[in-house]
Peer 1: 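Quick one: structure below, then a few questions.
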Amino acid sequence: MITVFGSINLDLVAVVERLPLPGETAAGPDHQNFPGGKGANQALAARRAGADVAMTAAVGTDVFAAPALANLEAAGVDLSGVRRLDGATGIAMIGVEASGENLIIVASGVNARVSASWLKGKLPQGSLLLMQMETPAAEIRAAIAAAREAGATVILNTAPAGDPAVSELASLSDIVIANESEAMEIAAKLGLPGEPEAFVRTVAEGRLGSARLAVVTLGAKGVIAHDGTALYSVPTPKVRVVDTTGAGDAFCGAFAAALDRGDELGAALAFGVAAGSLACTANGAQGSAPDAAAIRQLAATLPISRSLLHANTAPEAENSLGKA
């Protein structure tokens, strides 16, 4: 069981030839609306990847609330923990250029008022609590404490990493997922090495805090992770990139789903990489989230490298189902 404590937004997307620089205006021919929010994106991705998922979050009383929830409802995500608060549903304004790169501005709305107290009774022992940084840091901290008390495992995706509290929250979590820039930011604040391989090794050795599994996504170069015993790496497959929006969320959701069903770490990483790669082939943060069958098919083609901590031990090759 995966419980997602996070944001729900409606994404307002415009496609432009080139993203604007500061002070510039970029015009596009049209715009579209898509359900979004990093919490909702990851909840949907985990559900489509085969997990049982519950969402604890908030929407407003405006016209954006219903479309923001539509995909979660259709996918069968448990929304009993989603509250409707007076105010505005969160929105994200997204520009996407022809190359697939994006620029995002978020207005939090009622996401700024979610409460960790809503998690009471919603974290079964042995379950996963998946969180991001689009809700208040104080509530994420309280949610981590609630998970500890309930015997749930905390996965923190450090995106977006602008909040100064991200380093502290990462140090309190069991599993940390960051991209390269987020890892460097956390490392700089805590006096840790910022190079991805050194970062994941340092975190897995316990120097960050309670975290014992660190994952750094490397964009087109794939992903690396360390669990205190071995360094794992999985490359990305070649895909036709249409829109990178939501690729990181697809990775997080699918990776959590794989861990939830008990997959070995290398297989879970390959499952996440496959999901993130497939998400780049379609538009929208949620509409692009692939289903379990498509993810599984692509993941089976990805090589997994596993290097033990011992310097004289050669790397072991694995496939997406475990050791080859």
Side-chain angles (χ1 to χ4, degrees), residues 1-8 35-57 71-79 81 122-132 147 152-159 173-178 213-215 217 222-223 225 227 232 234 236-237 246-282 285-302 304 318-322:
M1 176 69 186
I2 298 172
T3 299
V4 177
F5 180 74
S7 58
I8 298 175
K38 297 195 73 65
N41 295 348
Q42 293 182 18
L44 182 68
R47 178 61 181 157
R48 287 187 177 168
D52 291 329
V53 181
M55 183 93 198
T56 298
N71 284 341
L72 297 174
E73 290 176 335
V77 174
D78 180 355
L79 300 179
K122 295 184 177 295
L123 294 172
Q125 186 172 7
S127 64
L128 298 178
L129 174 63
L130 177 59
M131 295 187 289
Q132 316 76 31
T153 297
V154 176
I155 304 176
L156 179 67
N157 174 217
T158 59
S173 303
D174 299 302
I175 301 171
V176 177
I177 303 173
L213 173 58
V215 179
T217 57
V223 65
D227 63 357
Y232 293 78
V234 180
T236 55
D249 293 332
F251 171 87
C252 291
F255 177 65
L259 292 181
D260 183 59
R261 65 171 173 258
D263 282 10
E264 175 272 336
L265 177 56
L269 291 168
F271 197 73
V273 169
S277 299
L278 289 169
C280 292
T281 66
Q286 290 187 14
S288 62
D291 64 27
I295 300 170
R296 192 176 299 111
Q297 182 177 12
L298 182 57
T301 70
L302 301 180
I304 301 167
E318 300 183 12
N319 60 33
S320 64
L321 299 179

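Computed from a prediction, not measured in an experiment: that's the story for all the values here.
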Peer 1: Could you measure the distance from the OG1 atom of Thr281 to the CG atom of Leu278? Nearest 0.5 Å is fine.
Peer 2: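 Going from OG1 on Thr281 over to CG on Leu278, the span is 5.5 Å.
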
Peer 1: Taking all non-hydrogen atoms of both residues, which atom of Ile2 and which atom of Ala46 are closest, and how far apart?
Peer 2: CD1-CB, 4.0 Å

Peer 1: Does some side-chain heavy atom of Val77 sit less than 4.5 Å from a side-chain heavy atom of Leu79?
Peer 2: yes

Peer 1: Heavy-atom distance under 4.5 Å between the side chains of Met131 and Val4, does that happen here?
Peer 2: no

Peer 1: If you round to the nearest 0.5 Å, how far is CD1 of Ile155 from CD1 of Ile177?
Peer 2: 5.5 Å

Peer 1: On a heavy-atom basis, which atom in Leu72 and which in Ala40 lie closest, and how many Å separate them?
Peer 2: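 Of all heavy-atom pairs spanning Leu72 and Ala40, the closest is CD2-O, 3.6 Å.
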
Peer 1: Tell me, please, which residues at least two apart from Ser288 pass side chain to side chain contact (heavy atoms under 4.5 Å, CB included).
Peer 2: Ala279, Ala282

Peer 1: Examine distances only and state if a side-chain atom of Ser7 and a backbone atom of Lys38 form a donor-acceptor pair shorter than 3.5 Å.
Peer 2: yes

Peer 1: Do the non-hydrogen side-chain atoms of Phe251 and Val215 ever get within less than 4.5 Å of each other?
Peer 2: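 They are in side-chain contact.
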
Peer 1: Return the set of residues passing side chain to side chain contact (heavy atoms under 4.5 Å, CB included) with Ala178 (not counting sequence neighbours), or none when no residue passes.
Peer 2: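 Applying side chain to side chain contact (heavy atoms under 4.5 Å, CB included) to Ala178 gives Thr158, Glu182, Ala183.
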
Peer 1: Say you draw a straight line from CG of Leu156 to CG of Leu129; how long is it, rounded to the nearest 0.5 Å?
Peer 2: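 With rounding to 0.5 Å, CG (Leu156) is 9.5 Å from CG (Leu129).
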
Peer 1: Can you name the closest pair of heavy atoms from Gly81 and Lys122 and give their distance?
Peer 2: CA-CE, 3.9 Å

Peer 1: With the side chain counted from C-beta on, respond yes when Leu259 and Ile175 share a heavy-atom pair under 4.5 Å apart, and no when they do not.
Peer 2: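 Leu259 vs Ile175: side chains touch.
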
Peer 1: State, to 0.1 Å, how close Ile304 and Ala270 come at their nearest heavy-atom pair, and which atoms those are.
Peer 2: CD1-CB, 3.9 Å

Peer 1: Cys252 and Leu130: which non-hydrogen atoms are nearest, and at how many Å?
Peer 2: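 Scanning both residues, the minimum pair turns out to be O-CD2, 4.4 Å.
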
Peer 1: Return the set of residues passing salt bridge (Lys or Arg N to Asp or Glu O under 4.0 Å) with Asp52 (not counting sequence neighbours), or none when no residue passes.
Peer 2: Arg47

Peer 1: To the nearest 0.5 angstrom, please state how far the CD atom of Gln125 sits from the CE atom of Met1.
Peer 2: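 Rounded to the nearest 0.5 Å, the CD-CE separation comes out at 15.0 Å.
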
Peer 1: Are the side chain of Thr3 and the backbone N or O of Met55 linked by a donor-acceptor pair below 3.5 Å?
Peer 2: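 Side chain of Thr3 to backbone of Met55, a donor-acceptor pair under 3.5 Å: no, none is there.
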
Peer 1: Under the ring pair (Phe, Tyr, Trp, His ring centres under 6.0 Å) test, which residues partner Phe5, sequence neighbours left out?
Peer 2: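 For Phe5, no residue satisfies ring pair (Phe, Tyr, Trp, His ring centres under 6.0 Å) once neighbours in sequence are set aside.
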
Peer 1: Is there a side-chain contact between Pro237 and Leu302, using heavy atoms and a 4.5 Å cut-off?
Peer 2: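 They are in contact (side-chain heavy atoms under 4.5 Å apart), so the answer is yes.
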
Peer 1: If the condition is side chain to side chain contact (heavy atoms under 4.5 Å, CB included), which residues does Gln297 pass it with, not counting sequence neighbours?
Peer 2: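 Result, side chain to side chain contact (heavy atoms under 4.5 Å, CB included) vs Gln297: none returned.
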
Peer 1: Gln132: what forms a side-chain hydrogen bond (donor to acceptor under 3.5 Å, both in side chains) with it, not counting sequence neighbours?
Peer 2: Gln42

Peer 1: For the CG atom of Leu44 and the CD atom of Glu73, what is their distance to the nearest 0.5 Å?
Peer 2: 12.0 Å

Peer 1: Which residues pass the side chain to side chain contact (heavy atoms under 4.5 Å, CB included) test with Asp227, sequence neighbours left out?
Peer 2: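 Result, side chain to side chain contact (heavy atoms under 4.5 Å, CB included) vs Asp227: Leu213, Thr229, Ala230, Tyr232, Leu265.
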
Peer 1: Using the test salt bridge (Lys or Arg N to Asp or Glu O under 4.0 Å), find all partners of Arg48 that sit at least two apart in sequence or belong to another chain.
Peer 2: none

Peer 1: Nearest 0.5 Å, what's the CG-CG distance between Leu123 and Leu128?
Peer 2: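 Output value for this atom pair is 10.5 Å.
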
Peer 1: Would you mind listing every side-chain hydrogen bond (donor to acceptor under 3.5 Å, both in side chains) that reaches into residues 252-262, with sequence neighbours excluded?
Peer 2: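 Those involving residues 252-262 are Arg261-Asp263.
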
Peer 1: Quick one: closest heavy-atom pair of Ala49 and Phe271, and the distance?
Peer 2: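 It is CB-CE2, 3.7 Å.
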
